[in-house]
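Remember, it's 1-based here, ligands and their atoms both numbered in the order they're listed. Numbers for residues simply follow the sequence, beginning at 1.
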Amino acid sequence: MRQSELFTKTRREAPSDEVAKNAQLLVRAGFVHKEMAGVYSYLPLGLRVFNNIISIIREEMNAIGGEEVFLTALQDPEVWKKSGRWNDEVVDVWFKTKLKNGGELGLANTHEEALAALMTEYISSYKDLPRYVYQFQTKFRNETRAKSGIMRSREFIMKDLYSFSRDETEFRVFYEKCAAAYASIFDRAGIGSKTHRTFASGGSFSKYSDEFQMECTAGEDTLYIHDGKKIAINQEVYTDEVLADLGVKKEELRTAKAIEVGNIFPLGTKYSSVLGLSYTDEKGGKTPVVMGSYGLGPGRLMGAIVEALADDKGLVWPESVAPFKLHLVSLDQPGDEVSKVAGTLYEDMERRGMSVLYDDRDARAGEKLADSDLIGITWRIVVGREGLAEGTFEVVTRANGQVLKKSREEVLAL
Ligand code: ATP
Ligand code: MG
């Protein structure tokens, strides 16, 4: 893509009302637009990153047997009354709205109820189980704090998968598979080494749930970490009993701030029993389905990648999620040899189907290089007068500034 055709522009100053590093940089680089507090639109470059993240998650969910659906954001209060979660005192993040004829509707903040109700039409026998159903769908949450940029917004896409199993044993097998898939997602997104599988509170059916927490000073959660044993404990379950349970001592733990990037949760029969989701087993008895929920916010993950990898010059994307793999920057004067060489190189790259953003704008070299740093594409290829004389191009690694000289053939093989 030619950069001159992007409608977005970079800006030098961060918006004064943004405190989060992720939002400051993403707004400055033209990746997102803030509509109002806690509500962000994704612009062309931001959407490319977002979609790359979604592709990684989708691949990993399909690999463990996930079947993708797309449920509705509009929710029927009757379904939610069955679980008791229509009540604003039980769920304090509801956005509710009214029908013209006076009835009420909810805007989905999660989908346990809706999907359990839906599955009653498809699950009736042990032969129908297990099932793993997921979606990328909009959630609305009336969050009180909206200071973390795109990591905590009031409207956001969540990947939520729900597992439907015959019993606890079958459920646990999938739960561990999904934990492994999450670890793989965070590895592929470039934050694996900072992300801990963390003991968190489990609710009514299980002692623990598992959160995937990325260490980050801007995080809202506090962890207690045993590096040797690779155990992390969320402060919310940090008790003497839990420490004894996990076989670790207070003195051996360090604390760190962290961001929850994903969450997997045993639900037992909490929703299936009240929504009538049961199956007939081999002996003809009726048994409620054992459920689990597995959440992950691609926007939260995108913000976390920014928090973890960006530097004082701007965004830094790992190739797996970068809006483009290569940023071709031409340091030319209009109509000179440099611009001709860059232009034909770009056309060759496009012909080969390479993922490249070509800065063909009529702008000063300093401005182009600063913008390229801000946008943070993994590799920058600089076409300048010096290289031209010796037939080479500079290939700059955005993450560490390393510069390599490469021939045209080598560049086309990237
Ligand atoms: P938190 O504890 O951060 O408020 P939660 O426990 O309420 O989150 P879940 O319902 O478990 O969140 O959501 C699953 C995942 O969805 C989270 O791990 C996170 O990746 C993402 N997520 C949750 N809330 C938001 C939000 N307000 N904005 C963006 N992503 C979110
Ligand atoms: Mg949580």
Side-chain angles (χ1 to χ4, degrees), residues 20 22-23 26 32 34-42 46 50 53-54 56-57 60-61 73 83 85 90-95 107-115 134-163 175 178-179 181-183 185-186 189 191 195-203 206 208-214 216 218-223 232 234-237 257-267 270-271 291-308:
N22 70 82
L26 290 166
V32 303
K34 184 178 192 171
E35 301 296 335
M36 57 188 128
V39 183
Y40 295 89
S41 294
Y42 287 73
F50 191 75
I53 292 174
I54 285 190
I56 292 175
I57 300 172
E60 296 290 342
M61 293 299 102
S83 69
R85 291 209 293 180
V90 178
V91 170
D92 62 1
V93 294
W94 268 117
F95 280 109
L107 297 177
N109 53 70
T110 182
H111 279 83
E112 281 85 359
E113 282 83 348
L115 188 59
Y134 77 99
Q135 62 177 344
F136 292 92
Q137 208 267 358
T138 307
K139 310 290 187 223
F140 297 91
R141 291 188 182 179
N142 203 343
E143 304 270 7
T144 40
R145 288 171 301 169
K147 291 203 175 74
S148 299
I150 64 166
M151 296 196 299
R152 184 177 295 287
S153 47
R154 298 195 165 106
E155 173 183 339
F156 63 97
I157 300 278
M158 193 198 288
K159 183 286 295 172
D160 43 335
L161 184 146
Y162 303 88
S163 65
Y175 190 81
C178 194
Y182 271 37
I185 290 166
F186 300 126
I191 60 161
T195 303
H196 305 271
R197 180 172 173 177
T198 303
F199 288 92
S201 66
S206 169
Y208 303 114
S209 68
D210 291 84
E211 290 173 345
F212 290 79
Q213 293 271 3
M214 188 195 84
C216 169
E220 294 178 5
D221 291 348
T222 302
L223 307 186
N234 190 317
Q235 188 169 39
E236 66 184 20
V237 294
K257 284 283 179 194
I259 300 165
E260 179 201 309
V261 282
N263 187 343
I264 62 176
F265 210 98
L267 298 173
K270 180 173 174 185
Y271 297 100
M291 288 175 60
S293 71
Y294 311 79
L296 202 167
R300 172 87 58 98
L301 177 51
M302 179 168 157
I305 295 169
V306 175
E307 297 286 337

Find all atoms of ligand 1 within a distance of less than 4.0 Å from any non-hydrogen atom belonging to [X], and give their numbers and elements.
{"X": "Val261", "result": "18 (O), 20 (O)"}
{"X": "Glu143", "result": "24 (N), 26 (C), 27 (N)"}
{"X": "Gly262", "result": "18 (O)"}
{"X": "Gly295", "result": "14 (C), 15 (C)"}
{"X": "Met158", "result": "13 (O), 14 (C), 16 (O)"}

Next item on the list: Answer with yes or no whether the side chains of Glu113 and Ser83 bring together a donor and an acceptor at under 3.5 Å.
Entry: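 There is such a pair between these side chains.
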Next item on the list: Establish, from distance only, whether the side-chain atoms of Asp210 and Tyr208 form a donor-acceptor pair under 3.5 Å.
Entry: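 Tyr208 and Asp210 do not have a side-chain donor-acceptor pair below 3.5 Å.
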Out of [options], indicate the one that has the non-hydrogen atom closest to [atom].
{"atom": "atom 10 (O) of ligand 1", "options": "Glu260, Lys139, Arg141", "value": "Arg141"}
{"atom": "atom 22 (N) of ligand 1", "options": "Met302, Arg145, Arg300", "value": "Arg300"}
{"atom": "atom 20 (O) of ligand 1", "options": "Gly299, Gly297, Ala200", "value": "Gly297"}

Next item on the list: Mark yes when over 12 heavy atoms from residues, nucleotides or ligands other than Lys147 sit less than 6.0 Å from its NZ; otherwise mark no.
Entry: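 No, NZ of Lys147 has 12 or fewer neighbouring heavy atoms, counting only those of other groups under 6.0 Å.
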Checklist line | Glu211, portion touching ligand 1 at heavy-atom distance under 4.0 Å | finding: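 Contact part for Glu211 vs ligand 1: neither.
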Checklist line | Per-residue contact class, Thr110 against ligand 1 - non-hydrogen pairs under 4.0 Å | finding: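 Neither part.
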Notebook entry, point to check: In chain order, what residues pass the ring pair (Phe, Tyr, Trp, His ring centres under 6.0 Å) check against Tyr40, with sequence neighbours excluded?
Noted result: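 Tyr40 satisfies ring pair (Phe, Tyr, Trp, His ring centres under 6.0 Å) with no residue once adjacent residues are dropped.
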Next item on the list: Identify, with sequence neighbours excluded, every residue that meets ring pair (Phe, Tyr, Trp, His ring centres under 6.0 Å) alongside Tyr271.
Entry: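 If we apply the ring pair (Phe, Tyr, Trp, His ring centres under 6.0 Å) test to Tyr271, skipping adjacent residues, there are no hits.
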Check: Name the one of Ile264, Ile185, Ile191 that satisfies side chain to side chain contact (heavy atoms under 4.5 Å, CB included) with Phe212?
Finding: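 Among Ile264, Ile185, Ile191, the one that satisfies the side chain to side chain contact (heavy atoms under 4.5 Å, CB included) with Phe212 is Ile264.
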Note to self: Between the side chains of Lys270 and Glu112, is the shortest nitrogen-to-carboxylate-oxygen separation below 4.0 Å, so that they form an ion pair?
What the structure shows: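 The answer is no: the pair does not qualify as a salt bridge.
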Checklist line | Interatomic spacing from CZ in Arg85 to CH2 in Trp94 - rounded to 0.5 Å | finding: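 These two atoms lie 8.5 Å from each other.
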Note to self: If the contact criterion is a heavy-atom separation under 4.0 Å, does Met151 count as touching ligand 1?
What the structure shows: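 Contact check Met151 vs ligand 1: positive.
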Check: Do any heavy atoms of Ser153 fall under 4.0 Å from ligand 1?
Finding: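 Ser153 counts as a contact of ligand 1 under the 4.0 Å cut-off.
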